[in-house]
Asks: 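Following this message is one structure expressed as structure tokens.
Not measured: the values here are computed from a predicted model. The first residue in the sequence is number 1, and the count goes up from there.
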Amino acid sequence: MLNEPIRSFPKSLIFLCVAYCAIFFYFYPPISAVHDEVGFINQTVVWSKLSISAEGAGFKNVADFVEQNGRHVGFRNPGRSLLNIPIYWLFGLNSLYFFSAIIHIATALICAIILKKLQKPPLWAALVLFHPTLSLYSRTIMADELAGLFLVIAALGYLSNKWRGLLTGMAISCAAITKYYMIIVFIPAGIALFFSTEKQNKIRETGYLILSAIIAVALVVTFNLVSFGSINYPQGYNKITEIFSINYITGNISYYIPALAVVWPGMIVAPIFDKSKLRLLSVPTIFTVFCFFLIYYFHDKGTNWFETSVTGQRLIQPILPLWILSYIFVIDKIFVKYVRNTKICSSIFYMVCALLLTMQVFLFSKHQYHLSEMHNIKQEINSIIPSGSLVIVNSSVNKLFGVIAENDHSYRLHIFSYNDILLDHSVVLQKETYPWYLAIYTRRDSDTPLQKIKHYEQKYSVEKIPTNNRSLIIMRGICKEDCMK
């Protein structure tokens, strides 16, 4: 058996949370550098003005908003942006990064409470706190881990002695409002509740869960009706047949299996061997959501295989805490069986924690270097391109200027290409009476659209402007008379 300081709710875990915060503040994010962040932040800012539309809040040309019925509205799922609003009111835009850190810490602490409830060492929750994917994206303003927080709260409710169906259902409802696809979790949760509840309480607890599912669906439908005028996403946004297909399964499996086997080692198979009281809920939930993303068209990519292994798990963040809990239940059983000396056991725990802290510093410093580079790119573009100019940009540049903020240069941005297809801007360029600009930035050589840039060089009168960063291409152009031909 592990010694009491490890088995109890340890001061060590609180120390690790404080250490995580210290590292977070030392490498505080200077800029948002993920496209999705732009949408969540802009929704927060617009909604904080007590308006659904950009026009109602007094804004024009808001990035990541879509036009519906003559007005521009945000299309991101509402949960994260709604929770952002009081933080934004009280502490301002930059505080939203630390709010993400709070969400991450809360996820780890709820996992620690679950572990203590199941008589496992709460210190194992350090594997949640320092998981590379979860901790990396705790530096962003997105909704994935918030949905994961609500899922572990649902797991805690599932383990409770009273009101299991209501507590589990309401937490899953919150997850569904944060990420719509989490509605599918009601299916495995309902099955788990039905088979784990005493006969006399089955109908009541399952009924509470069904009621929660109805509430979640009603809230989602209401939001969509108010925002888009229909129960679905904005018209023309994301064609289901294009983003979901069984043709993506092979490629996704070839990515996810090695990634989940490396971070953390062997975690991919943990749900198979999980024998905990939580398994009836956690294992089917993990399987259901994981299968959902196996048919999805996209996962994030880094500049090398290991970066991709970490960043590519972004979309499955909602189930990562549950997956890590399954992993903990398995390795704790192995640990207790083969490491019987409590002093050795404690020493191993604390050595692993020290290693995790070291890894955290390395991860944050590497990410900070990337964010600093992006910040410098933004500053350089500001110094070269006059405010108010029409600028054709790729997605990497677009997200740098998408957030609504005071004292920022205001550009009329047009997207360079979509799904690797060059977009035709000849109509707007023909009408432009002032010099327009092309601004392209890419971290990977494979992303460099040199052949597409040649299109602009051949069709328009352009000059290349020298930049300090070789990955940043800026051109100034004036439309030729024959550019419409």
Asks: Can you measure from CG (Leu134) to CD1 (Ile324) and round to the nearest 0.5 angstrom?
Replies: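 The CD1 atom of Ile324 is 5.0 Å from CG of Leu134, to the nearest 0.5 Å.
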Asks: Validate the cation-pi geometry between Arg139 and Phe364: distance from NZ or CZ to the six-membered ring centre under 6.0 Å, angle to the ring axis within 45°.
Replies: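 Flagged: Arg139 positioned over aromatic ring of Phe364.
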Asks: Centre-to-centre under 6.0 Å for Tyr256 and Phe290, is that the case here?
Replies: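 So the answer is yes for these two rings.
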Asks: If I compare all heavy atoms of Val62 with all of Ile404, which pair ends up nearest, and what's the gap?
Replies: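 Heavy atoms of Val62 and Ile404 come nearest at CG1-CD1, 3.8 Å.
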Asks: Lys399 and Val34: side-chain contact (heavy atoms from CB on, under 4.5 Å), yes or no, with the steps?
Replies: CA-CA 7 Å; Lys399 63 191 176 186; Val34 180; 5.7 Å; no
Asks: Applying side-chain contact (heavy atoms from CB on, under 4.5 Å), run through Thr178 and Met182 and close with a yes or a no.
Replies: CA-CA 8 Å; Thr178 304; Met182 298 305 290; over 6 Å; no
Asks: Counting distance only, does the side-chain N/O of Tyr411 pair as donor-acceptor with the main-chain N or O of Ile385 below 3.5 Å?
Replies: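 Such a contact is found between Tyr411 side chain and Ile385 backbone.
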Asks: In this structure, which one of Glu145, His104, Gln360, His367 forms a side-chain hydrogen bond (donor to acceptor under 3.5 Å, both in side chains) with Ser135?
Replies: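 When Glu145, His104, Gln360, His367 are each tested with Ser135, the side-chain hydrogen bond (donor to acceptor under 3.5 Å, both in side chains) holds only for Gln360.
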Asks: Given side-chain contact (heavy atoms from CB on, under 4.5 Å), test Leu16 with Cys353 step by step and report yes or no.
Replies: CA-CA 8 Å; Leu16 291 176; Cys353 288; 3.7 Å; yes
Asks: Just checking, is any N or O donor in the side chain of Asn224 or Tyr180 under 3.5 Å from an acceptor N or O on the other one?
Replies: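 A donor-acceptor contact under 3.5 Å links the two side chains.
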Asks: When you measure from the side chain of Asn42 to the backbone N and O of Ala63, does any donor-acceptor pair fall under 3.5 Å?
Replies: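 Present.
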Asks: Cut-off 3.5 Å, side chains only: do Glu373 and Tyr441 have a donor facing an acceptor?
Replies: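 Side chains of Glu373 and Tyr441: pair found under 3.5 Å.
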Asks: In the structure I gave you, are the side-chain heavy atoms of Ile105 and Cys21 within less than 4.5 Å of one another anywhere?
Replies: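 The answer is yes; the side chains approach within 4.5 Å.
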Asks: Looking at every heavy atom in both Thr285 and Leu322, which two are closest together, and how far apart are they?
Replies: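 Heavy atoms only, the tightest pair is CG2-CD1, 4.0 Å.
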Asks: Is it true that Asp36 and Arg80 make a salt bridge, defined as a side-chain N closer than 4.0 Å to a carboxylate O?
Replies: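 Salt bridge flag = no for Arg80 with Asp36.
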Asks: Between Lys301 (side chain only) and Thr308 (backbone N and O only), is there a donor and an acceptor less than 3.5 Å apart?
Replies: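 No.
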Asks: Could you measure the distance from the CG atom of Asn398 to the CG atom of Leu413? Nearest 0.5 Å is fine.
Replies: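 The distance works out to 5.5 Å.
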Asks: For the atom pair CD (Glu380) and CD1 (Ile474), what is the distance rounded to the nearest 0.5 Å?
Replies: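 Going from CD on Glu380 over to CD1 on Ile474, the span is 6.0 Å.
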Asks: If we ignore hydrogens and angles and just use 3.5 Å, is the side chain of Lys179 paired with the main-chain N or O of Ala147 as donor and acceptor?
Replies: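 No; judged by distance alone, with no hydrogens or angles, the pair does not exist.
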Asks: For Arg412 and Gly388, indicate whether the former's side chain and the latter's backbone hold a donor-acceptor pair under 3.5 Å.
Replies: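 Checking the backbone N and O of Gly388 against the side chain of Arg412, a donor-acceptor pair under 3.5 Å is found.
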Asks: Is any side-chain heavy atom of Leu93 closer than 4.5 Å to one of Val403?
Replies: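 Touching, per the 4.5 Å side-chain cut-off.
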Asks: Check the pair Thr288, Ile187 against side-chain contact (heavy atoms from CB on, under 4.5 Å), reporting the backbone distance first and the verdict last.
Replies: CA-CA 9 Å; Thr288 301; Ile187 298 172; 6.0 Å; no
Asks: Taking Ser389 for its side chain and Val391 for its backbone only, find out whether a donor-acceptor pair lies under 3.5 Å.
Replies: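 Not a single qualifying donor-acceptor pair exists.
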Asks: Checking Phe25 against Phe98 for the ring-ring contact (aromatic ring centres under 6.0 Å, His included) test, could you report, in this order, the C-alpha distance in whole Å, the side-chain angles of both residues, the deciding distance, and whether it holds?
Replies: CA-CA 8 Å; Phe25 273 112; Phe98 187 61; 4.6 Å; yes
Asks: Are a donor atom and an acceptor atom from the side chains of Gln43 and Ser81 found within less than 3.5 Å of each other?
Replies: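 Yes.
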Asks: Test your reading of the model: is there a side-chain donor-acceptor pair from Gln317 to the backbone of Gln313, 3.5 Å cut-off?
Replies: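 Not a single qualifying donor-acceptor pair exists.
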Asks: For Thr311 and Glu307, does a side-chain donor sit closer than 3.5 Å to a side-chain acceptor?
Replies: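 Side-chain D/A pair, Thr311 to Glu307: absent.
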Asks: Hey, is the main chain of Gly229 close enough, under 3.5 Å, to the side chain of Asn69 for a donor-acceptor pair?
Replies: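 Absent.
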Asks: At what distance, to the nearest 0.5 angstrom, does CG of Leu96 lie from OG1 of Thr44?
Replies: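 Answer for the CG-OG1 pair, Leu96 versus Thr44, is 6.0 Å.
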Asks: Just wondering, do Val263 and His131 contact through their side chains at under 4.5 Å, heavy atoms?
Replies: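 The answer is yes; the side chains approach within 4.5 Å.
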Asks: Taking Glu55 first and then Arg71, would you say they form a salt bridge - that is, a charged N and a carboxylate O separated by under 4.0 Å?
Replies: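 No, Glu55 and Arg71 are not salt-bridged.
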Asks: Could you check if a side-chain atom of Ile392 sits within less than 4.5 angstrom of a side-chain atom of Leu429, using non-hydrogen atoms only?
Replies: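 In short, these two side chains touch, coming nearer than 4.5 Å.
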Asks: How are the rings of Tyr296 and Phe293 set relative to one another: parallel (under 30°), tilted (30 to 60°) or perpendicular (over 60°)?
Replies: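 Judged by the thresholds at 30° and 60°, the geometry between Tyr296 and Phe293 is perpendicular.
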Asks: Decide yes or no for Ser138 and Phe24: does some side-chain heavy atom of the first lie under 4.5 Å from some side-chain heavy atom of the second?
Replies: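 Ser138 reaches Phe24 side chain to side chain.
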Asks: What is the distance from atom CG of Leu325 to atom CD1 of Ile114, rounded to the nearest 0.5 Å?
Replies: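 Interatomic distance, Leu325 CG to Ile114 CD1, rounded to 0.5 Å: 5.5 Å.
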Asks: Taking atom types as modelled and ignoring hydrogens, do the side chains of Asp64 and His35 form a donor-acceptor contact shorter than 3.5 angstrom?
Replies: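 Yes, because at least one side-chain N or O of Asp64 sits under 3.5 Å from a partner of the opposite role on His35.
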Asks: Minimum heavy-atom separation for Ile183 and Ala176, please, with both atom names.
Replies: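 So the two residues come closest at CG1-CB, 3.4 Å.
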Asks: Keeping Tyr434 on the side-chain end and Leu390 on the backbone end, is there a donor-acceptor pair under 3.5 Å?
Replies: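 Not at all, since once roles are kept as given, no pair shorter than 3.5 Å links the two residues.
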Asks: Do Phe298 and Tyr248 have their ring centres less than 6.0 Å from each other?
Replies: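 Distance test on ring centres: not under 6.0 Å, no.
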Asks: Taking the side chain as every heavy atom from C-beta outward, state whether Phe186 and Ser173 have any atom pair closer than 4.5 Å.
Replies: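 A side-chain contact exists here, since the closest heavy-atom pair is under 4.5 Å.
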Asks: Looking only at side-chain N and O atoms, does Tyr97 offer a donor or acceptor that is under 3.5 Å from a partner on Thr140?
Replies: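 No - no donor-acceptor pair under 3.5 Å links their side chains.
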Asks: With a 6.0 Å cut-off on the ring centroids, do Phe244 and Tyr297 count as close?
Replies: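 Centroid distance Phe244-Tyr297: not below 6.0 Å, so no.
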Asks: Donor-acceptor check, side chain of Trp264 to backbone of Leu127, threshold 3.5 angstrom: yes or no?
Replies: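 Checking the backbone N and O of Leu127 against the side chain of Trp264, a donor-acceptor pair under 3.5 Å is found.
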Asks: Can you confirm whether or not the ring centre of Trp47 sits under 6.0 Å from the ring centre of Phe223?
Replies: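 Yes; Phe223 has its ring centre under 6.0 Å from that of Trp47.
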Asks: For a quick test of reading the model, state the closest non-hydrogen atom pair linking Trp323 to Ile268 and the distance between them.
Replies: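 Looking at all heavy atoms of both residues, the shortest contact is CZ2-O, 3.7 Å.
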Asks: Quick check for you: to the nearest 0.5 Å, what is the distance between Phe401 atom CZ and Ile381 atom CD1?
Replies: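 Answer for the CZ-CD1 pair, Phe401 versus Ile381, is 4.5 Å.
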